[in-house]
Amino acid sequence: MAYVGERTGTSYKLNKVDLNTPDKKISQDIGGNVAVITASANGSKIGLIQAVEQGYEAFAGSYTKIYDATSLNLLKTWPLAPPAAEGRIVEPLHHRDPSLSLTDKYAVVLTEDDGFFASGGAQQYISVYDIAGSKGASHTKAFDEGTNGARGTANTVLGVGTLMGAVVNGDYIILGGNTGTAAFKIDASGDTLAVTKVDDSADTTGNHWFKDNGSYVLESKSNTGKVKVWKWNGTSAPTAVGEVDVNGNNSGNVQALCFDPDNPATAYFYQKAGTDAGNVYSVDLSAQTLTKTTLFKFPPRSILKCNTPGPCRHRRDG
């Protein structure tokens with residue numbers, strides 16, 4: 001288990017603990033506070049976005065750092081780019097946790113620049129960094145530049161609207177936005193990495209959240225009560241295998257969802273709305289038709305609710 005904490009002055013530590021021998025903790029000084037921390041699917045790399053929060057959802061001095069998960073040695077570090085070189089402040093997505101995903105080869109980072117457009121509106125980027133080699137990073141804008149400093153239309157190269165989250169596996173990325181989700185391939189044939197869309201399916205429903213276990217991806221769809229299921233296919237592009245109607249055609253975002261730790265093809269969902277609110281379901285993700293099976297039901301008012309004013313900042317706790 002890896003976590004960030006134990007501040008000494010203004011410096012924080014990245015800690016790693018083997019749960020079988022918790023007294024043998026190793027630590028590494030990492031500098032300022034951390035907005036996001038994640039690990040590669042096989043656990044060999046740890047990635048974090050280091051940023052100093054200045055007020056609610058505002059950051060400065062941001063970097064992406066990659067560590068070896070065994071030794072906690074720092075392997076790579078990049079400014080949270082691309083406009084950082086121009087003196088601009090770039091932040092991780094306000095959606096926070098889905099801002100960073102990584103494998104042994106690549107780190108995918110989603111960022112935004114709130115003051116990019118003169119007439120208002122943030123510019124966003126999907127950036128792909130080379131962890132294993134020395135290829136130049138790619139930075140693809142989410143929006144075109146309009147006239148008189150206005151934000152233009154969404155970049156059709158991506159075709160997902162406002163960026164919400166991304167997951168990466170092998171050479172492929174699943175990228176979600178407020179107008180849909182698509183799969184992309186990382187092209188490493190040139191001196192600089194690039195991304196190319198490989199899935200033109202008619203998915204026009206907004207993305208809310210991703211969960212990934214290295215075999216399957218659970219994509220909570222925005223305000224539909226449904227979860228789309230993707231399957232990673234190794235050296236081939238990922239495929240969408242179906243959809244689970246968790247909330248029974250009710251609106252809302254499915255936030256309580258997880259995988260079985262012993263069976264990557266089994267997922268669990270909690271229904272928070274409708275006549276069956278409180279039900280917990282299991283779904284066999286490898287089945288030809290995705291069918292939910294009721295396991296048990298929580299009694300009313302037994303689930304903690306977030307009372308933080310404004311947008312919820314505790315989505316992973318659901």
Would a 4.5 Å heavy-atom cut-off, applied to side chains only, mark Y281 and Q271 as touching?
yes
Is a side-chain donor or acceptor of K13 paired with a backbone partner of D29 at a separation under 3.5 angstrom?
no
Please check if any side-chain donor atom of N207 sits under 3.5 Å from a side-chain acceptor atom of S222, or the reverse.
no
Would a hydrophobic clustering, with Ile, Leu, Val, Met, Phe, Trp and Tyr connected at side-chain separations under 4.5 Å, put L74 with I26?
yes
Taking atom CG of N223 and atom CG of N178, what is their separation to the nearest 0.5 Å?
11.0 Å
Nearest 0.5 Å, what's the CG-OG distance between D104 and S44?
3.0 Å
In the single-linkage hydrophobic clustering (I, L, V, M, F, W, Y; side-chain heavy atoms under 4.5 Å), do V4 and V17 co-cluster?
no
Shortest non-hydrogen separation from A267 to L218 and the atoms involved
CB-CD1, 4.0 Å
Quick one about W230 and D212 (side-chain donor to acceptor, distance below 3.5 Å, no hydrogens or angles considered), yes or no?
no
Tell me yes or no: between the side chains of E219 and T181, is some donor less than 3.5 Å from an acceptor?
yes
If you measure from NE2 on H139 to OH on Y125, what distance do you get to the nearest 0.5 Å?
9.5 Å
Rounded to the nearest 0.5 angstrom, the OH-CG distance for Y216 and N169 is 12.5 Å
State plainly whether the residues K135 and D187 are in salt-bridge range, i.e. N to O under 4.0 Å.
no
In terms of heavy-atom contacts, L193 and S138 come closest through O-CB, 2.8 Å
Check: S40 side chain, K45 main-chain N or O, donor-acceptor pair, under 3.5 Å:
yes
Check for a donor-acceptor pair, side chain of K105 on one end and backbone N or O of G170 on the other, with a separation under 3.5 Å.
no
Any side-chain donor paired with an acceptor under 3.5 Å for T266 and N263?
yes
Can any side-chain N or O of D245 pair as donor or acceptor with the backbone N or O of K226 at less than 3.5 Å?
no
Quick one, F298 with F296, criterion ring-ring contact (aromatic ring centres under 6.0 Å, His included). Give me CA distance, side-chain angles, the key distance, then yes/no.
CA-CA 7 Å; F298 283 108; F296 57 89; 5.3 Å; yes
Calculate, to the nearest 0.5 Å, the distance between atoms CE and OG belonging to M164 and S99 respectively.
10.5 Å
May I ask you to decide if L163's main-chain N or O and Q124's side chain share a donor-acceptor pair within less than 3.5 Å?
yes
Looking only at non-hydrogen atoms, find the nearest pair between V241 and K231 and report the distance.
CG1-CB, 3.8 Å
Donor-acceptor side-chain pairing of S220 and N253 below 3.5 angstrom
no
Return the minimal non-hydrogen interatomic distance between A166 and S101, and the atom names on each side.
O-CB, 3.6 Å
Do any N or O atoms from the side chain of T103 and from the backbone of Y106 form a donor-acceptor pair under 3.5 angstrom?
yes
To the nearest 0.5 angstrom, please state how far the NZ atom of K228 sits from the CD1 atom of I174.
8.5 Å
V157-L175 co-clustered via ILVMFWY side chain contacts under 4.5 Å:
no
Check the side chains of N73 and Y67 for a donor-acceptor pair under 3.5 angstrom, ignoring hydrogens and angles.
no
NZ/NE/NH1/NH2 to OD/OE distance under 4.0 Å, R151 and D144
no
